[in-house]
2 protein chains.
Amino acid sequence: MSSPAGFQPVHRESTSSLITRALREGIMNGRLPAGAQLSEAGLAAEFGVSRGPLREAMQRLVQEGLVRSELNRGLFVKELDEAEIRDLYLTRTAIETAAAYTLAHSEGAAAGAQRLRERAAAMAEAAAAGDLNALADADFAFHEELVSLAGSPRLHRMHETLMVETRMCMTALQETYFDPEDQVAEHSRIAEAIAVGDDEVLRREIEEHMQEALDRLVRAGHQG
Amino acid sequence: MSSPAGFQPVHRESTSSLITRALREGIMNGRLPAGAQLSEAGLAAEFGVSRGPLREAMQRLVQEGLVRSELNRGLFVKELDEAEIRDLYLTRTAIETAAAYTLAHSEGAAAGAQRLRERAAAMAEAAAAGDLNALADADFAFHEELVSLAGSPRLHRMHETLMVETRMCMTALQETYFDPEDQVAEHSRIAEAIAVGDDEVLRREIEEHMQEALDRLVRAGHQG
DNA sequence: CCTGTGAAGATTGTCAACAATCCGGAGATG
DNA sequence: CATCTCCGGATTGTTGACAATCTTCACAGG
């Protein structure tokens with residue numbers, strides 16, 4: 001747009017940034033389970049770097065709240081008890097409501113709603129095929145897209161962390177989708193509310209959706 | 001509460017954590033102005049530590065979004081243009097609305113509203129005395145208290161960063177309180193809305209307050 | 001049996017030195 | 001005069017080593 005040939009500035013990434021992403025991924029998919037100690041020497045050897053860059057990556061995760069640091073003891077993947085899970089969903093509601101509200105009032109509301117409809121359709125497809133893994137992926141993709149479309153760097157960055165935590169406790173609790181059709185319907189209603197632009201409905205849909213998801217998780221936690 | 005003698009776990013802090021706070025303070029009050037390069041060697045010497053812990057602290061600030069990292073070039077205090085300031089206030093609205101909503105629906109709503117009334121009273125006192133510095137402090141204390149009272153660790157952590165950014169651009173723009181009385185009144189209305197528990201009013205009051213604050217900042221930016 | 005002592009082992013916290021990269025200017029070349 | 005090349009200085013990125021701390025276990029004493 002602004003530059004003559006429309007080039008993006010070259011984007012190279014620091015080592016600690018790469019390691020941060022890799023560790024975050026590991027926490028998300030359960031390869032680094034909640035409560036596990038993160039050994040500096042061991043992980044540094046795995047990544048093939050020295051402890052310096054690895055420690056820097058750790059500090060990022062500490063700041064993000066995914067890792068807890070105990071002085072002279074080590075770093076541990078944060079464990080989520082029920083209160084934490086409730087707080088997680090409270091915060092997700094805050095962020096996603098704001099994102100949806102912003103999107104619904106922006107120029108790209110119609111286009112955004114269309115994108116979200118497509119995501120919901122992908123969920124429906126996965127649900128129909130009985131592929132619960134694909135359904136979960138599509139579910140996350142929907143929420144990721146929702147916040148992305150709002151175009152707010154801060155909301156997006158905060159949401160990233162929250163989604164890691166969400167996925168973390170879903171894998172930990174082995175939560176299964178009980179009513180896939182209901183899930184799809186909830187997401188579709190959110191997309192439609194954005195298309196229509198009714199704030200009140202939008203807020204209610206998101207709030208209910210989060211409440212449902214939270215209830216499922218808490219139930220799974222009590223049973224499992 | 002839960003433990004027999006009610007002791008808290010001993011809380012010692014890591015060096016990088018201390019340095020992070022000190023740097024954050026420096027960014028907030030303008031001692032490290034926006035766009036400034038943060039020299040590792042220089043700062044390490046000032047703190048009397050080696051570059052290791054200092055770099056760890058830097059990574060935390062990068063993750064927080066207060067500092068921007070350019071590979072092999074250095075670290076720079078993030079600059080806030082108008083779009084960024086708008087995003088900042090959009091996000092503050094999201095977080096503080098959620099906090100106020102949570103507080104208003106909690107058991108401690110009445111007590112919380114009282115605490116906020118006291119904060120607003122402190123603002124009124126500062127405004128009456130014409131002490132704009134004290135007014136700004138009381139203003140921040142009000143918002144800090146509001147989010148603290150919600151009792152959500154995630155909202156609180158996110159809000160912390162946002163307040164640093166807010167203060168950063170206020171000091172950068174030398175924003176002065178134009179209508180101190182109006183300011184106090186806006187805060188009082190928020191406290192009362194929490195006491196009453198009317199969600200709709202609460203949302204509107206916070207949204208308007210943020211919009212007002214944003215407008216003042218943007219105007220100051222265009223003039224200054 | 002419970003408590004206190006002490007050393008071994010492992011892990012984290014810190015540091016100073018080395019390697020790689022970038023920026024600026026002097027000088028050569030056309 | 002413009003451009004290219006090269007070098008010195010400075011800064012960041014990374015490493016391996018050292019110091020401090022914590023945990024675990026065995027063992028002696030009451």
Side-chain angles (χ1 to χ4, degrees), chain A residues 7-24 26-27 31-79, chain B residues 4-5 7-24 26-27 31-79:
Chain A
F7 286 125
Q8 302 283 5
V10 291
H11 181 62
R12 288 166 307 171
E13 212 165 5
S14 71
T15 308
S16 56
S17 180
L18 286 169
I19 296 178
T20 303
R21 257 220 309 282
L23 289 174
R24 203 183 291 148
I27 292 175
R31 251 191 80 221
L32 300 172
Q37 177 164 14
L38 301 173
S39 150
E40 294 183 4
L43 289 172
E46 259 193 81
F47 284 113
V49 297
S50 87
R51 283 173 50 213
L54 188 117
R55 281 177 63 92
E56 290 173 16
M58 294 290 209
Q59 294 301 321
R60 288 206 191 188
L61 296 174
V62 169
Q63 183 61 38
E64 231 178 313
L66 263 39
V67 162
R68 168 176 50 88
S69 161
E70 286 184 31
L71 191 57
N72 285 321
R73 294 280 304 274
L75 297 146
F76 304 84
V77 180
K78 190 143 178 207
E79 314 186 51
Chain B
F7 287 124
Q8 303 284 3
V10 291
H11 181 64
R12 290 166 306 172
E13 211 165 7
S14 71
T15 308
S16 57
S17 180
L18 286 169
I19 296 178
T20 303
R21 256 221 310 281
L23 289 174
R24 204 183 291 147
I27 292 175
R31 249 190 84 220
L32 300 173
Q37 177 164 14
L38 301 173
S39 150
E40 294 183 4
L43 289 172
E46 260 192 79
F47 283 113
V49 297
S50 89
R51 283 172 52 213
L54 187 117
R55 280 177 63 93
E56 290 175 16
M58 294 291 208
Q59 294 301 321
R60 288 205 190 190
L61 296 174
V62 169
Q63 183 62 37
E64 229 178 314
L66 262 40
V67 162
R68 169 176 49 89
S69 161
E70 286 184 31
L71 192 57
N72 285 322
R73 295 281 303 274
L75 298 146
F76 304 85
V77 180
K78 190 143 178 208
E79 315 186 51

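What you are looking at is a predicted structure, and each value in this text was computed from that prediction instead of being measured.
- Considering CG of B/Leu75 and CG of B/Leu23, their distance stands at 10.0 Å, rounded to 0.5 Å.
- For the helix from C/dC1-D/dG30 to C/dG30-D/dC1, the rotation axes defined at the first and last 5 base pairs enclose an angle of 10°, given to the nearest 10°.
- Mapping A/Arg12 and A/Ser69 onto DNA chain C via the closest heavy atom, the residue that lands nearer the 5' end is A/Ser69.
- For A/Gln37 (side chain) and A/Arg73 (main-chain N/O), a donor-acceptor pair under 3.5 Å exists by modelled atom type.
- Of the residues in residues 52-67 of chain A, A/Arg55 come within less than 4.0 Å of DNA chain C through at least one heavy atom, sorted by number.
- Counting any heavy atom pair closer than 4.0 Å across all strands shown, A/Ser14 reaches no nucleic acid atom.
- With values rounded to the nearest 0.5 angstrom, B/Phe47 atom CZ is found 11.5 Å from B/Thr15 atom OG1.
- Between B/Ile27 atom CD1 and B/Leu66 atom CG the span is 4.5 Å, to the nearest 0.5 Å.
- Taking both residues in full, the closest heavy atoms of B/Val62 and B/Ser69 are given as CG2-CB, 4.2 Å, listed atom of the first, atom of the second, then distance.
- A straight line from CZ of A/Arg73 to P of D/dC22 spans 9 Å, rounded to a whole angstrom.
- Residues forming a side chain to side chain donor-acceptor pair (under 3.5 Å) with A/Ser14 (at least two apart in sequence, or on another chain): A/Ser16.
- Across A/Ala57 and A/Ile19, no two heavy atoms sit closer than the pair CB-CG2, 3.6 Å.
- Scanning DNA chain C 5' to 3' for nucleotides with an atom closer than 4.0 angstrom to a non-hydrogen atom of chain A gives a first and last hit of C/dT11 to C/dC22.
- Shortest non-hydrogen contact noted between A/Gly35 and A/Phe76 is O-CD2, 3.8 Å.
- Within residues 34-51 of chain A, the residues having any heavy atom closer than 4.0 Å to DNA chain D are, in order of number, A/Val49, A/Ser50, A/Arg51.
- Atom CZ of B/Arg68 and atom CG of B/Leu38 lie 10.0 Å apart (nearest 0.5 Å).
- Of all heavy-atom pairs spanning B/Val77 and B/Ala34, the tightest one is CG1-CA, 3.8 Å.
- Listed by chain and number, the residues in a side chain to side chain donor-acceptor pair (under 3.5 Å) with A/Arg31 amount to none (sequence neighbours excluded).
- The minimum heavy-atom distance linking B/Glu13 with A/Leu71 is given by the pair O-CD2, 3.9 Å.
- In this structure, A/Asn72 and B/Leu71 both approach DNA chain D, and ranking their closest nucleotides by distance from the 5' end singles out B/Leu71.
- Only one option out of A/Arg24, A/Lys78, A/Gln59 pairs with A/Glu64 in a side-chain hydrogen bond (donor to acceptor under 3.5 Å, both in side chains); it is A/Arg24.
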